[in-house]
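The structure under discussion appears below in the form of structure tokens.
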Amino acid sequence: MTRTLSELPADLAGKRALVRVDYNVPLDAGRVADATRIEASLPTLRWLLRRGARPVLLSHLGRPGGRPDPALSLSPVAPALAGLLGTEVLFSAPCDGEDALRASRELKTGQVLLVENTRFLPGETANDEALAGRLARLGDFFVNDAFGTLHRAHASTTGVPAVLSPSAAGLLVERELEALSALERPRRPFVVAFGGAKIGDKIELLRRFLERADLILVGGAMANTFLRAQGFETGASLVEEAALDLARSILSAGEDRIRLPTDVMVLDRAGGEGERAGKVEGVENVDSVPADAIGPGMAALDIGPASRARYADALRGCAAFFWNGPMGLFEDPRFAPGTFAIAQAAAEATAAGAFTVIGGGDSAAAVRRAGLSDRVSHVCTGGGAALEYLSTGRLPGLDALTKRIAQTGPGG
Ligand code: ADP
Ligand code: MG
């Protein structure tokens with residue numbers, strides 16, 4: 001079991017709480033464009049502030065590649081957090097320097113300190129021990145509430161709790177794990193939907209779901225990859241070539257439980273054979289075609305109307321539902337109906353008593369855009385972490401916390 005906040009020592013007053021949060025937020029012209037992840041961190045921060053602890057926050061933002069990149073500075077998050085939390089939020093850069101250490105020591109009760117993007121330093125993703133040690137100096141105890149990065153063994157996620165004790169999971173992590181654990185022995189029928197574009201990362205996980213799910217609905221570019229694996233023409237569609245063999249073996253193992261779209265919405269670019277989306281000049285036609293009739297110049301960008309209805313039907317009567325990856329390029333309204341139909345069906349299944357979980361950054365954004373976030377059981381803040389936990393039951397970031405407990409004995 002992972003230690004939770006309630007299992008930390010009772011007297012936290014004046015102690016510096018080093019908190020790993022997930023403030024990997026979208027920025028637009030130097031401002032936070034979507035504060036969902038900041039809002040998700042508030043319960044833990046309020047919990048700590050109420051007890052007089054002084055929060056020092058660590059996060060990454062984007063993929064700066066171990067070098068400072070002003071466009072990926074966390075500084076715009078400080079005012080956004082201050083507004084939401086109603087407290088003063090100080091900012092310090094870099095995250096591992098003497099200035100940050102001094103700021104953490106001088107932090108007053110009621111104030112919060114946010115330090116600069118941990119991925120500005122190469123040691124973060126390399127899980128460098130020396131960096132973890134420098135970060136650990138910023139706190140008297142450690143809380144990991146960055147659910148979205150629990151599947152990564154980085155200095156700020158697994159390195160710090162290896163040297164800073166006690167450590168615990170935050171309230172967001174606790175809530176996420178509760179929802180996902182309910183899918184470990186799901187009520188049946190258990191329906192899963194997989195889509196999106198990160199096929200290389202996800203197809204192995206889809207394979208593992210074969211054992212647990214009664215039905216797997218496939219959409220998005222994931223579906224294109226399966227269609228191609230079956231020998232269909234996929235034209236200019238996004239397909240993960242490297243995953244074709246695995247897709248074929250999944251299909252032969254789970255034929256009875258896997259549903260592929262029977263029709264797709266295509267972008268048919270007259271004279272645009274093989275060209276990539278966005279670069280095409282001339283006429284663009286959007287059409288629904290049977291899945292076995294995708295022409296060479298066509299890109300399949302959503303599931304078609306018949307598949308939409310069939311997938312929505314499959315959701316009716318499910319007892320549990322997990323969904324990762326949009327059914328299409330939903331950012332373009334022409335290719336959003338497939339994704340929105342699944343979101344709507346998930347909301348209806350929830351109303352009928354099913355336990356429904358949406359995982360994945362883009363999937364969550366799609367459900368939000370459909371206005372249905374409050375009508376499903378749970379929307380995960382981290383897709384990769386959710387998938388890893390669901391398929392293996394473990395997360396490196398959690399193991400790091402658990403290990404500390406093992407070393408210090410039960411409850412201590
Ligand atoms: P999540 O963030 O929910 O885990 P992914 O990151 O794997 O999902 O995929 C999301 C992206 O997949 C979205 O930007 C969406 O536009 C894209 N996508 C979905 N279907 C297709 C498709 N058929 N072709 C190209 N891109 C697609
Ligand atoms: Mg994504």
Side-chain angles (χ1 to χ4, degrees), residues 22 24-26 34 36-37 62-63 147-149 151 176 180 192-206 209 217-228 232 234-241 243 247 260-261 263-269 275-280 286-289 291 294 298-304 307-308 311 321-343 346 357-370 372-373 376 378-391:
D22 181 2
N24 185 24
V25 295
D34 179 346
T36 308
R37 284 187 164 151
R63 296 188 170 175
F147 178 77
T149 51
H151 60 311
E176 299 269 13
L180 295 177
V192 173
F194 263 99
K198 282 192 208 151
I199 298 149
D201 290 352
K202 290 174 178 172
I203 190 160
E204 172 60 24
L205 298 163
L206 186 154
F209 264 105
L217 312 171
V218 187
M222 181 73 91
N224 299 340
T225 303
F226 276 95
L227 292 173
R228 172 80 71 85
F232 290 178
T234 49
S237 310
L238 178 60
V239 166
E240 180 73 34
E241 300 283 344
L260 299 180
D263 59 344
V264 290
M265 298 301 298
V266 296
L267 186 66
D268 187 0
R269 305 131 180 169
E275 289 179 62
R276 297 187 66 85
K279 282 195 192 165
V280 186
V286 174
D287 265 321
S288 78
V289 301
I294 302 173
M298 299 178 186
L301 295 174
D302 194 10
I303 58 174
S307 306
R308 236 184 274 157
Y311 285 9
F321 176 59
F322 175 72
W323 178 19
N324 175 266
M327 293 289 111
L329 195 118
F330 74 97
E331 296 90 341
D332 180 332
R334 297 174 298 176
F335 303 106
T339 299
F340 287 177
I342 298 295
V357 178
I358 317 298
D362 294 296
S363 313
V367 174
R368 263 200 305 282
R369 195 174 296 183
L372 297 170
S373 298
V376 294
H378 183 72
V379 181
C380 284
T381 54
L387 291 177
E388 178 150 342
Y389 185 71
L390 281 170
S391 60

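We count ligands from 1, going down the list as the structure has it; atoms in each ligand are counted the same way.
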*Looking at Asp362, which of its N, O or S atoms is the nearest one to the Mg ion (ligand 2)?*
OD2
_Minimum-distance protein heavy atom relative to atom 6 (O) of ligand 1_ = Asp362 OD2, 3.0 Å
*Do Asn224 side-chain atoms and Leu238 backbone N/O form a donor-acceptor pair below 3.5 Å?*
yes
*asked:* Determine whether Arg228 and Glu241 satisfy the following criterion, salt bridge (Lys or Arg N to Asp or Glu O under 4.0 Å), listing intermediate values before the conclusion.
replied: CA-CA 9 Å; Arg228 172 80 71 85; Glu241 300 283 344; 2.9 Å; yes
*Is there any N or O on Asp302 that sits under 3.5 Å from an N or O of ligand 1?*
no
*Go through the structure and list residues passing side chain to side chain donor-acceptor pair (under 3.5 Å) with His378, not counting sequence neighbours.*
Glu176
*Asn324, portion touching ligand 1 at heavy-atom distance under 4.0 Å*: side chain
*Atom indices of ligand 1, in the order listed, that fall short of 4.0 Å to a heavy atom of Asn224*: 23 (N)
*Given the rule in the side-chain contact (heavy atoms from CB on, under 4.5 Å) test, do Ile342 and Tyr311 qualify, once you have shown the distances and angles that lead to the verdict?*
CA-CA 7 Å; Ile342 298 295; Tyr311 285 9; 3.5 Å; yes
*Distance in Å, Ile303 CD1 paired with Ser288 OG, rounded so as to fall on 0.5 Å steps*: 12.0 Å
*asked:* Looking only at protein heavy atoms, which one is nearest to atom 24 (N) of ligand 1, and what is the separation?
replied: Leu301 CD2, 3.6 Å
_When you measure from the side chain of Asp287 to the backbone of Val289, do you find a donor-acceptor pair of N or O atoms at a distance under 3.5 Å?_
no
*State whether the side chain of Thr339 and the backbone N or O of Gly328 hold a donor-acceptor pair below 3.5 Å, judged by distance alone.*
yes
*Of the protein's non-hydrogen atoms, which lies at the shortest distance from atom 8 (O) of ligand 1, and what is that distance?*
Lys202 NZ, 3.2 Å
*So which protein heavy atom does atom 14 (O) of ligand 1 come closest to, and at what separation?*
Glu331 OE2, 2.5 Å
*Using a strict cut-off of 4.0 Å, indicate which atoms of ligand 1 neighbour a heavy atom of Gly220.*
20 (N), 23 (N)
_N/O donor-acceptor pair under 3.5 Å between Asn24 side chain and Gly62 backbone_ = yes
*For atom 26 (N) of ligand 1, which candidate among Thr225, Leu387, Leu329 holds the nearest heavy atom?*
Leu329
*Would you mind listing which atoms of ligand 1 come within a distance below 4.0 Å of any non-hydrogen atom of Gly325?*
3 (O), 8 (O)
*Looking at atom 3 (O) of ligand 1, what's its closest protein heavy atom, distance included?*
Ser363 OG, 2.5 Å
*What is the nearest protein non-hydrogen atom to atom 22 (C) of ligand 1, stated with its residue, atom name and distance?*
Ala221 N, 3.6 Å
*Hey, does Gly360 sit under 4.0 Å from ligand 1 if you only count heavy atoms?*
yes
*Identify, for atom 18 (N) of ligand 1, the protein heavy atom at the shortest distance, and state residue, atom and that distance.*
Gly328 O, 3.8 Å
*Tell me: protein heavy atom nearest atom 9 (O) of ligand 1, and distance?*
Ala197 N, 3.0 Å
*Ala386, Ala300, Ser237: member with heavy atom nearest to atom 23 (N) of ligand 1*: Ala300
_Using modelled atom types and a 3.5 Å cut-off, is there a donor and acceptor pairing between side-chain atoms of Ser307 and backbone atoms of Pro261?_
no
*Please determine if Met327 has a nitrogen or oxygen closer than 3.5 Å to a nitrogen or oxygen of ligand 1.*
no
*Under 3.5 Å: donor-acceptor pair, side chain of Thr225, backbone of Glu240*: yes
*Side chains of Trp323 and Val376 in contact at under 4.5 Å (non-hydrogen atoms)*: no
